[in-house]
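Heads up, the thing below is written out as structure tokens.
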Amino acid sequence: MAEKSGADILVECLIDLGVEVVFGYPGGAVLPIYDALFNHLKIRHVLVRHEQGATHMAEGYARSTGKPGVVLVTSGPGATNAVTGITDALMDSIPMVVITGQVPTQLIGTDAFQEADTVGITRHCTKHNYLVKDPRKLAGVVHEAFHIATTGRPGPVVIDIPKNVQIATAPYARPETFEHASYRPQTKADPVAIAAAVEMLAAAERPIFYTGGGVINSGPEASALLREIAGLTRAPVTSTLMGLGAFPAASPQWLGMLGMHGTYEANWAMNKADLIICVGARFDDRVTGRLDAFAPNAKKIHIDIDRSSINKTVEVDLPIVADVASALTDMIALWKDRGHKAADLSEWWARIDGWRARNSLAYPESCEEIMPQEAIAQLYKASRSAKDVIITTEVGQHQMWAAQHFGFEEPNKWLTSGGLGTMGYGFPAAIGAQLGNPESLVVCVAGDASVQMNIQELGTATQYRLPVKLFILNNEYMGMVRQWQELTYESRYSNSYSDSLPDFVKLGEAYGWTGIRIESPRELEAGIRRMIETPGPVIVDCRVAKLSNCFPMIPSGAAHTDMLLDPSQVEGIMSDEAKALV
């Protein structure tokens with residue numbers, strides 16, 4: 001068997017594993033790998049402008065295609081710059097393999113130029129990581145890394161490869177099959193637990209499906225199965241931020257997103273339910289609010305492939321460790337086999353309709369200023385004519401407004417940073433999504449503050465001729481920070497004003513983008529239509545009302561039913577205890 005360099009072995013492994021795109025930035029400790037890539041045309045390398053941008057592009061690519069994202073960066077600062085994106089992928093369960101260069105093995109531990117303890121630094125923000133010191137072990141590590149990243153609860157895996165290992169030679173043959181000796185996540189549910197879940201669901205008078213990103217991570221089949229079981233039971237469905245699109249927003253059974261900026265009806269239905277079926281979610285603090293007040297009278301079923309997520313924050317009555325699609329398949333089959341019919345939920349739906357009548361997503365109208373909610377509503381309306389639409393977001397008020405006012409009908413069309421809340425995620429994620437979905441309309445909804453975190457990636461989109469649309473809701477503030485300062489710090493706006501903003505239109509034009517500025521409600525519809533219809537990348541500076549707040553809102557430390565609603569529409573519904581918090 002002919003021997004190859006470690007760099008060639010790595011590239012051959014990537015090709016054998018079906019990798020088509022690598023996001024990266026070269027440096028001294030990975031030059032052998034870049035030299036190997038030079039002669040392999042099967043892999044498209046995308047040159048980013050910052051390593052954090054590479055990780056978020058890989059996340060956007062993975063989330064929108066279902067394939068693992070792959071990143072290649074150098075040692076030292078190259079690896080440390082990637083840590084934020086690695087942590088983001090861990091929090092949101094995104095399959096990603098990050099390949100980092102390292103100083104030669106004989107220099108490890110000597111504080112050599114551009115040395116960093118990459119394995120130590122990433123130990124707690126990866127699903128697993130490796131330092132490969134033997135070129136003969138490299139191929140096995142690469143195949144194992146992709147297996148770990150993409151199975152069970154997906155997540156990021158780091159492979160740290162010293163430069164001398166990249167140069168040294170070893171034999172390589174593509175493995176016929178791969179099985180890990182010890183890592184074997186449980187995907188099939190216990191039949192006894194499935195039977196118990198079906199009977200609890202059949203007996204419930206006030207059931208609700210509480211769904212999360214795990215439904216989407218399980219694949220398109222899981223979303224279809226969720227729709228089927230919701231149809232069989234006629235129970236209402238709500239979702240976390242990460243689960244949007246798994247259930248169609250147009251369905252009358254859809255209650256909208258729940259949690260800190262969720263709808264009035266979703267949060268109250270969770271509180272008054274007698275059975276919560278948690279599917280691929282994790283009872284995040286943004287959903288539960290104050291734990292001792294969360295859904296006090298509901299029995300809880302929790303379906304999750306990650307055993308460690310069950311009973312971590314909320315004690316449940318019935319844990320089911322399994323892949324979401326597998327568990328829902330078994331539940332539907334048993335429901336039908338036992339001849340169950342949907343219960344009469346008319347009284348439950350009447351209560352829900354009463355909560356819906358509060359119209360908690362209402363916002364004030366204005367003829368003088370562009371309301372940010374209206375900007376999202378107009379974007380949703382205009383984009384419906386496109387064949388396929390993918391929305392990414394940065395993090396802040398604009399993110400929540402997009403989640404509230406853009407209706408998602410299919411999975412993998414909504415890409416946002418949920419667990420880590422990473423400003424700077426959305427724009428590079430849109431680039432990654434566009435690369436993976438070249439025929440789709442990809443729009444990043446951004447704020448004027450967060451978009452500047454990775455705005456250098458304008459150059460990446462230009463270089464690869466990607467028709468990404470960057471829609472900036474510009475209120476000249478770090479909007480969510482300002483909102484919290486208004487509501488909890490007596491409007492002391494300490495360092496939340498975005499001073500010295502660039503002219504986004506001119507900045508876009510400097511990179512070869514089309515720039516559009518929208519300054520009044522009269523220009524909004526036409527401006528958005530022009531953005532969508534203009535070929536190539538477009539940046540839109542949409543000047544919105546500066547002091548708009550995002551409602552509903554549950555203050556930190558309050559119960560999940562203690563919601564502040566828009567004061568221009570209705571009075572906030574809060575307990576005296578919750579009011580004391582603000």
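The structure presented is a predicted model; accordingly, all values stated were derived computationally and were not measured.
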Minimum heavy-atom distance W484-S556, with the two atoms named: CH2-N, 3.6 Å
Atom pair CE/OG1 of M91 and T87 - distance to nearest 0.5 Å: 9.0 Å
Check: D88/S417 side-chain N/O donor and acceptor closer than 3.5 Å: yes
Y425 side chain to G85 backbone, donor-acceptor under 3.5 Å: no
K469 side-chain N/O to T534 backbone N/O, donor-acceptor pair under 3.5 Å: yes
Q397 versus Q483, side-chain donor and acceptor atoms under 3.5 Å: yes
Side chains of E374 and Y363, donor plus acceptor under 3.5 Å: yes
With F23, the side chain to side chain contact (heavy atoms under 4.5 Å, CB included) member among M57, H56, H45: M57
Y34 OH: over 12 foreign heavy atoms closer than 6.0 Å: yes
Between N437 and E439: side-chain donor-acceptor atoms closer than 3.5 Å: no
Polar side chain donor-acceptor pair, T561 to N267, under 3.5 angstrom: no
Pairs touching residues 513-535 that satisfy ring pair (Phe, Tyr, Trp, His ring centres under 6.0 Å), sequence neighbours left out: F427-W513
Any donor-acceptor pair under 3.5 Å from H261 side chain to P552 backbone: yes
Beyond-backbone contact of V71 with E51, side-chain heavy atoms, under 4.5 angstrom: no
Distance-minimising heavy-atom pair for T151 and K127: O-NZ, 2.6 Å
Residue pair V443 / T392, side-chain heavy-atom distance below 4.5 Å: no
Under 3.5 Å side-chain donor-acceptor pair for N475 and R482: no
Donor-acceptor pair, side chain of D541 and main chain of V505, under 3.5 angstrom: no
Ring centre gap for F408 and F247 strictly below 6.0 Å: no
Donor-acceptor pair between E457 and T460 side chains, under 3.5 angstrom: yes
Over all atoms of both residues, closest heavy-atom pair of Y464 and L47: OH-N, 2.7 Å
Sidechain-backbone polar pair: S385 side chain, A382 backbone, donor-acceptor under 3.5 Å: yes
Partner set under side-chain hydrogen bond (donor to acceptor under 3.5 Å, both in side chains) for E20, not counting sequence neighbours: K67
Criterion side chain to side chain contact (heavy atoms under 4.5 Å, CB included) on L441 and D388, from CA distance to verdict: CA-CA 6 Å; L441 169 64; D388 184 61; over 6 Å; no
Heavy-atom closest pair, residues A246 and V215: CB-CG1, 3.8 Å
Side chains of N454 and R49, donor plus acceptor under 3.5 Å: no
Spatial distance of atom OG (S218) from atom CG (L225) [nearest 0.5 Å]: 8.0 Å
Q404: partners by side-chain hydrogen bond (donor to acceptor under 3.5 Å, both in side chains), with sequence neighbours left out: none
Cationic N near anionic O, under 4.0 Å, D304 to R153: no
Donor-acceptor contact present, side-chain T211 to main-chain G243, <3.5 Å: no
Any donor-acceptor pair under 3.5 Å from E409 side chain to A250 backbone: yes
Side chain to side chain contact (heavy atoms under 4.5 Å, CB included) between I332 and T329, intermediate numbers included: CA-CA 5 Å; I332 290 169; T329 296; over 6 Å; no
Distance (rounded to the nearest 0.5 Å) between L470 CG and M531 CE: 9.5 Å
Closest non-hydrogen atom pair between A269 and L255, with its separation: CB-CD1, 3.7 Å
From CG (L564) to SG (C550), nearest 0.5 Å: 11.5 Å
Residue pairs involving residues 219-243 (criterion side chain to side chain donor-acceptor pair (under 3.5 Å); sequence neighbours excluded): E228-K336
Backbone N/O of G424 and side chain of T422: donor-acceptor pair under 3.5 Å: no
Close side-chain approach of I528 to F471, heavy-atom, < 4.5 Å: yes
E394/Q399 under side chain to side chain contact (heavy atoms under 4.5 Å, CB included): CA gap, chis, key distance, verdict: CA-CA 6 Å; E394 295 290 346; Q399 175 191 30; over 6 Å; no
Short side-chain to backbone donor-acceptor contact, Q253 and A235, under 3.5 Å: yes
Side-chain heavy-atom pair P236, F209 within 4.5 angstrom cut-off: no
Pair R282 + D306: basic N to acidic O under 4.0 Å: no
From OG (S64) to CG (L435), nearest 0.5 Å: 9.5 Å
Qualifying residues under ring pair (Phe, Tyr, Trp, His ring centres under 6.0 Å), relative to Y380, sequence neighbours excluded: F406
Residue Y489 excluded, over 12 heavy atoms near OH under 6.0 Å: no
Side chain proximity check, M270 to I276, heavy atoms < 4.5 angstrom: yes
Q52 backbone acceptor or donor facing H50 side chain under 3.5 Å: yes
Modelled atom types, side-chain donor and acceptor of T416 and T393, under 3.5 Å: yes
Close side-chain approach of L547 to Y477, heavy-atom, < 4.5 Å: yes
Residues T84, T55; criterion side chain to side chain contact (heavy atoms under 4.5 Å, CB included); working and verdict: CA-CA 8 Å; T84 297; T55 56; over 6 Å; no
Minimum side-chain heavy-atom gap V544-E369 below 4.5 Å: no
Hey, can you pull the donor-acceptor pairs under 3.5 Å for the side chains in residues 494-501, sequence neighbours left out?
from	atom 1	to	atom 2	distance (Å)
S496	OG	Q485	OE1	2.7
Y497	OH	E476	OE1	3.2
S498	OG	D448	OD2	3.1

Point-to-point distance, once rounded to the nearest 0.5 Å, from OH of Y210 to CD1 of I277: 13.0 Å
salt_bridge(R286, D284) N-O dist < 4.0 Å: no
Pairwise side-chain contact, W268 with M563, heavy-atom cut-off 4.5 Å (strictly under): yes
For the student: nearest non-hydrogen atoms of I539 and G508, plus distance: CG2-CA, 3.8 Å
